[in-house]
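This report concerns only the one structure given below.
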Amino acid sequence: MATQRIVSRYDSNKVLFECELPEGLDSGWAMRHALEKAVEARASLTYADLTGADLTGASLTYANLTGASLTYADLTGANLTGASLTYAYVTGASL
């Protein structure tokens, strides 16, 4: 079974969260799935590398994305209620 990792933007060898992907999940939705699972698990996503991720419509309520790299990520329609984006890099991101 395939897995998706969320790694640190400073050290790609540092895994912040990892989960198995459901069979048949389109590869374009893998990061969104992993991020939603990480938020559900209340994993710390501080300094996560989410560069270029397609997070369209993701449920990120109360996600801690402090210092995360969201450069060129697509967050169109994402629920960011209560999410912390302090010091997050959002250059070119679609909000």
Side-chain angles (χ1 to χ4, degrees):
M1 180 167 269
T3 61
Q4 178 66 48
R5 291 180 172 176
I6 299 174
V7 299
S8 168
R9 61 180 264 211
Y10 293 116
D11 180 359
S12 61
N13 293 315
K14 182 178 181 183
V15 178
L16 304 177
F17 186 81
E18 182 175 17
C19 71
E20 291 185 357
L21 299 173
E23 284 190 41
L25 181 70
D26 183 281
S27 61
W29 294 104
M31 185 58 78
R32 175 186 165 173
H33 175 80
L35 188 56
E36 287 180 330
K37 291 295 182 187
V39 170
E40 286 175 21
R42 299 179 191 245
S44 175
L45 299 170
T46 301
Y47 302 116
D49 184 1
L50 302 170
T51 303
D54 184 352
L55 304 173
T56 305
S59 178
L60 304 176
T61 303
Y62 297 109
N64 182 0
L65 297 170
T66 301
S69 177
L70 294 162
T71 304
Y72 298 109
D74 188 350
L75 291 152
T76 305
N79 183 350
L80 295 167
T81 303
S84 175
L85 296 170
T86 306
Y87 303 116
Y89 290 81
V90 294
T91 303
S94 295
L95 302 168

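Hydrogens, waters and symmetry mates are skipped; everything else that's a heavy atom, side chains included, is used. Count residues from 1 along the sequence.
The minimum heavy-atom distance between Leu16 and Thr46, with the atom names listed, is CD1-O, 3.7 Å. Of all heavy-atom pairs between Cys19 and Ala34, the closest is SG-CA, 3.6 Å. When all heavy atoms of Glu20 and His33 are compared, the closest pair comes out as O-NE2, 3.7 Å. The shortest heavy-atom contact between Val7 and Ser12 is CG1-O, 3.5 Å. Listed here is the closest heavy atom pair of Ala41 and Phe17: CB-CE1, 4.0 Å. Across all non-hydrogen atoms, the minimal contact from Met31 to Ala53 is CG-CB, 3.8 Å.
Under the 4.5 Å side-chain heavy-atom criterion for grouping Ile, Leu, Val, Met, Phe, Trp and Tyr, Leu45 is connected to Leu85 within one hydrophobic cluster. Cluster membership check: Val90 shares its hydrophobic cluster with Ile6, using side-chain heavy-atom separations under 4.5 Å among Ile, Leu, Val, Met, Phe, Trp and Tyr. Both Val39 and Leu80 are assigned to one and the same hydrophobic cluster, defined by single-linkage of ILVMFWY side chains at heavy-atom distances under 4.5 Å.
Considering CG of Leu65 and CG of Leu35, their distance stands at 6.0 Å, rounded to 0.5 Å. Taken from OH in Tyr47 to OH in Tyr89, the straight-line distance is 8.5 Å, to the nearest 0.5 Å.
Side-chain atoms of Arg32 come within 3.5 Å of backbone N or O of Thr56 as a donor-acceptor pair. Using modelled atom types, no side-chain atom of Arg9 and backbone atom of Thr51 make a donor-acceptor pair closer than 3.5 Å.
Checked against side chain to side chain contact (heavy atoms under 4.5 Å, CB included), Ser94 has the following partners two or more places apart in sequence or in another chain: Asp74, Thr76. Under the side chain to side chain contact (heavy atoms under 4.5 Å, CB included) criterion, Leu95 pairs with Leu75, sequence neighbours left out. In this structure Glu40 satisfies the side chain to side chain contact (heavy atoms under 4.5 Å, CB included) test together with Lys37, sequence neighbours excluded.
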Task: Evaluation steps, side chain to side chain donor-acceptor pair (under 3.5 Å), between Asn79 and Ser59 - done: CA-CA 5 Å; Asn79 183 350; Ser59 178; 4.9 Å; no

